[in-house]
**Student:** 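Got a structure for you, written out below as structure tokens; questions coming shortly.
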Number of protein chains: 2
Amino acid sequence: MTQNLDAISPDIPSDYESLKARISTLSESMPKRLLQCARYALANPDRIALGTTAEIASAAGVQPSTLVRFAQTLGFDGFSQMQQIFQGQLVGRSSEYTERLTKIRESGTNTPGSILGNFVERSKQSLDDLLRQVDTVALERTIEALSAAENIHLLGLRRAYPVVSYLHYTLGKMGVRTNLLEYTGGILEERVQFINENDALFVATFSPYSPEVVEFASKAFGRGVAVVSLTDSVLSPIARVSSTVLEVNEAEHGAFRSLSTTMCLATSIAVAVGDARKWTSLS
Amino acid sequence: MTQNLDAISPDIPSDYESLKARISTLSESMPKRLLQCARYALANPDRIALGTTAEIASAAGVQPSTLVRFAQTLGFDGFSQMQQIFQGQLVGRSSEYTERLTKIRESGTNTPGSILGNFVERSKQSLDDLLRQVDTVALERTIEALSAAENIHLLGLRRAYPVVSYLHYTLGKMGVRTNLLEYTGGILEERVQFINENDALFVATFSPYSPEVVEFASKAFGRGVAVVSLTDSVLSPIARVSSTVLEVNEAEHGAFRSLSTTMCLATSIAVAVGDARKWTSLS
DNA sequence: ATAAATTTGGAATGAATTTTCCGAATTGGA
DNA sequence: TCCAATTCGGAAAATTCATTCCAAATTTAT
């Protein structure tokens, strides 16, 4: 029902920008209290997004019912509908993303083009999230540890293997030699002894976490090796056996995740380590 | 009243970081459903911040009551109290984001954060370019060729190796077996004979193009094998010996390129091929 | 294998929130 | 100043929501 009304109704702002524009134009002919709402809304969009009518109304110096009328004046059914726009803005899902995504979804998900479109949009969002959520301190400590290490050992299986093999290649090209630990049968654990205390171990692992990787890291960590890990959640078992943890939330489509964001971070790490090594080797 | 309880209660996480830490430690001894909540919460903090118990619960695959219990397990009175932490994170983040970005841009290019920021931006641009410039016809023909192939052979060296090893893994997980051609000395060319005419060869190669890869593809192509290639320019030598060519312009920073966009495309290809194979095997 | 303890699902409850409604107040026009 | 129209405040109603509770199911310990 609401759906139909939405469709019929000539114009409900669908993103924050157009909502702002509408408020701005309509406010010229608004009575006192509604204008008060308008001012408050534009000045405190976060509060509108998260508060209840009672809270917001009292903060804005109006009645809850006035807030509802304000929303209705703008074309919404009620306050709640308007609030969603403010929430969308807060999350940063600038409506372009979600809009394009739903458009993609509507056009059937089975053509190669639509699958690609889906991944592209999600990856872009994922990249935004990366920059927002990245623990700068952990990142810097990771670079330090890798730069200071005598030898860098790389470990990652399954989906994480492309990540470490890429690091192996890229760091190598920058003159940083690394030891890529390949998994050839059950002999992985034996190699822990070849990692010494001045080395660093870079581990990548994603859900479902390979037990042998965690086990390996755990042993190395126990021996005092600097373990820097790249994983998808703080719940990852690797977190408990790492000196620093970097977290990446990768875009997914159904059950399948890309490596797009992870690769972006990995490349950055490689370049940063390469830079750092260059500086120290020059001095 | 609540205030007093808060004060008495030994430990209620007061910010997102400590909440994450607490979830992380407590999750070790959590029963199944609560762990499910933990995972979902850490993976979708925005939804926790904005949604209602009913919405979140259904998205996480649990009951609303479980969500409340989850919050109580962490020390909160109930869900609402926990939600405030997530909301706080949301607000802080969005206000810091732009600030952070400009800070990253202004600071020299040598801090890990600025390098990452740089790559994130370029990768997003690169993804946009991908969607805009992708040859839909070539993409569809690529999927068709890979779906129709009896066996799929994958080849890529150096920077392209992570791409094909990822495809190997992902396609494998979708039930599509592939043959990853590893480069172990000079014997690569001999293997051309094991590729037959009903097979497809997927080749990834980027500048500077490995002669042995091009040579290999050329021989396979000459034998009538469907060669689908992923490269960085239509001028790539691989283009002349391929049935279809996909082009990717990857983000770069100085001399170093990410694999972000390439991985996005690769994932899409894998999912599309997996889909296509499923349909045909069902019919 | 059995009992005890824990965990879970789902309905029921009670609180909170949004929305409606209507009389009162204010505004604008004659 | 008086009337009509609009706007407003506040209480009441309706809806939605978080939370509690308990029986069923599962797990753990004996």
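Chain identifiers are assigned alphabetically (A, B, ...) following the order of the sequence lines, protein sequences preceding nucleic acid strands; residue numbering begins at 1 within each chain. Only heavy atoms go into these numbers, but all of them, side chains included; no hydrogens, no water, no symmetry mates.
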**Student:** For the pair A/Ser210 (side chain) and A/Glu212 (backbone), establish whether a donor and an acceptor sit closer than 3.5 Å, ignoring hydrogens and angles.
**Tutor:** no
**Student:** With DNA chain C as reference, determine whether B/Pro31 or B/Ser65 sits nearer its 5' end, using the nearest nucleotide of each.
**Tutor:** B/Pro31
**Student:** At under 4.0 Å between heavy atoms, which parts of nucleotides 22-30 of chain C does protein reach? Answer with one letter per nucleotide, 5' to 3': B base, S sugar-phosphate only, - none.
**Tutor:** ---------
**Student:** In whole angstrom, what separates A/Ile56's CD1 from C/dT19's P?
**Tutor:** 11 Å
**Student:** Could you give the CE-to-C1' distance, from B/Met30 to C/dT6, as a whole number of Å?
**Tutor:** 15 Å
**Student:** Using whole Å, what does the distance between atom P of nucleotide C/dT17 and atom CD of A/Gln83 come to?
**Tutor:** 11 Å
**Student:** Where do A/Arg240 and B/Glu28 land on the salt bridge (Lys or Arg N to Asp or Glu O under 4.0 Å) test, with the steps shown first?
**Tutor:** CA-CA 11 Å; A/Arg240 286 192 288 275; B/Glu28 292 176 48; 3.4 Å; yes
**Student:** Any side-chain N or O of B/Gln63 less than 4.0 Å from the OP1 or OP2 oxygen of C/dG10?
**Tutor:** yes
**Student:** Between the side chains of A/Thr244 and A/Thr142, does any donor sit under 3.5 Å from an acceptor?
**Tutor:**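 The criterion, which ignores hydrogens and geometry beyond distance, is satisfied for A/Thr142 and A/Thr244.
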**Student:** Compare side-chain N and O positions of A/Ser80 against OP1 and OP2 of C/dT19 and report whether any pair is under 4.0 Å apart.
**Tutor:**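 Answer yes for this pair, as a side-chain N or O of A/Ser80 is under 4.0 Å from OP1 or OP2.
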**Student:** Any salt bridge between B/Glu17 and B/Arg22, counting N to O under 4.0 Å?
**Tutor:**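 Judged by the 4.0 Å cut-off on N to carboxylate O distance, B/Glu17 and B/Arg22 do not form a salt bridge.
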**Student:** Donor-acceptor pair, A/Gln36 side chain versus A/Val62 backbone, under 3.5 Å?
**Tutor:**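 No.
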**Student:** Taking atom types as modelled and ignoring hydrogens, do the side chains of A/Thr111 and A/Ser114 form a donor-acceptor contact shorter than 3.5 angstrom?
**Tutor:** yes
**Student:** Between atom CG in B/Leu35 and atom C1' in C/dT7, what is the gap in whole Å?
**Tutor:** 13 Å
**Student:** Under 4.0 Å, heavy atoms only, any strand: does B/Gln72 hit a base, just the sugar-phosphate, or nothing?
**Tutor:**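 Here B/Gln72 touches the backbone only, sparing every base.
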**Student:** What is the distance from atom CD1 of B/Ile56 to atom OG1 of B/Thr66, rounded to the nearest 0.5 Å?
**Tutor:**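 Rounded to the nearest 0.5 Å, the CD1-OG1 separation comes out at 13.0 Å.
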**Student:** I want to confirm an ordering. Mapping B/Glu55 and A/Gly61 to their closest nucleotides on DNA chain D, which one lands closer to the 5' end?
**Tutor:**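 Its nucleotide being nearer the 5' end, the pick is A/Gly61.
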**Student:** Could you tell me the separation between the CD atom of A/Gln81 and the P atom of C/dT18, rounded to a whole number of Å?
**Tutor:**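 Going from CD in A/Gln81 over to P in C/dT18 covers 14 Å.
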**Student:** Whole Å only: how far is the CZ atom of B/Phe70 from the P atom of C/dT7?
**Tutor:**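 Roughly 14 Å, once rounded to whole Å.
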**Student:** If I take atom CE in residue A/Met82 and atom C1' in nucleotide C/dT18, what distance separates them, rounded to the nearest angstrom?
**Tutor:** 12 Å
**Student:** What integer distance in Å separates A/Phe79:CZ from D/dC17:P?
**Tutor:** 13 Å
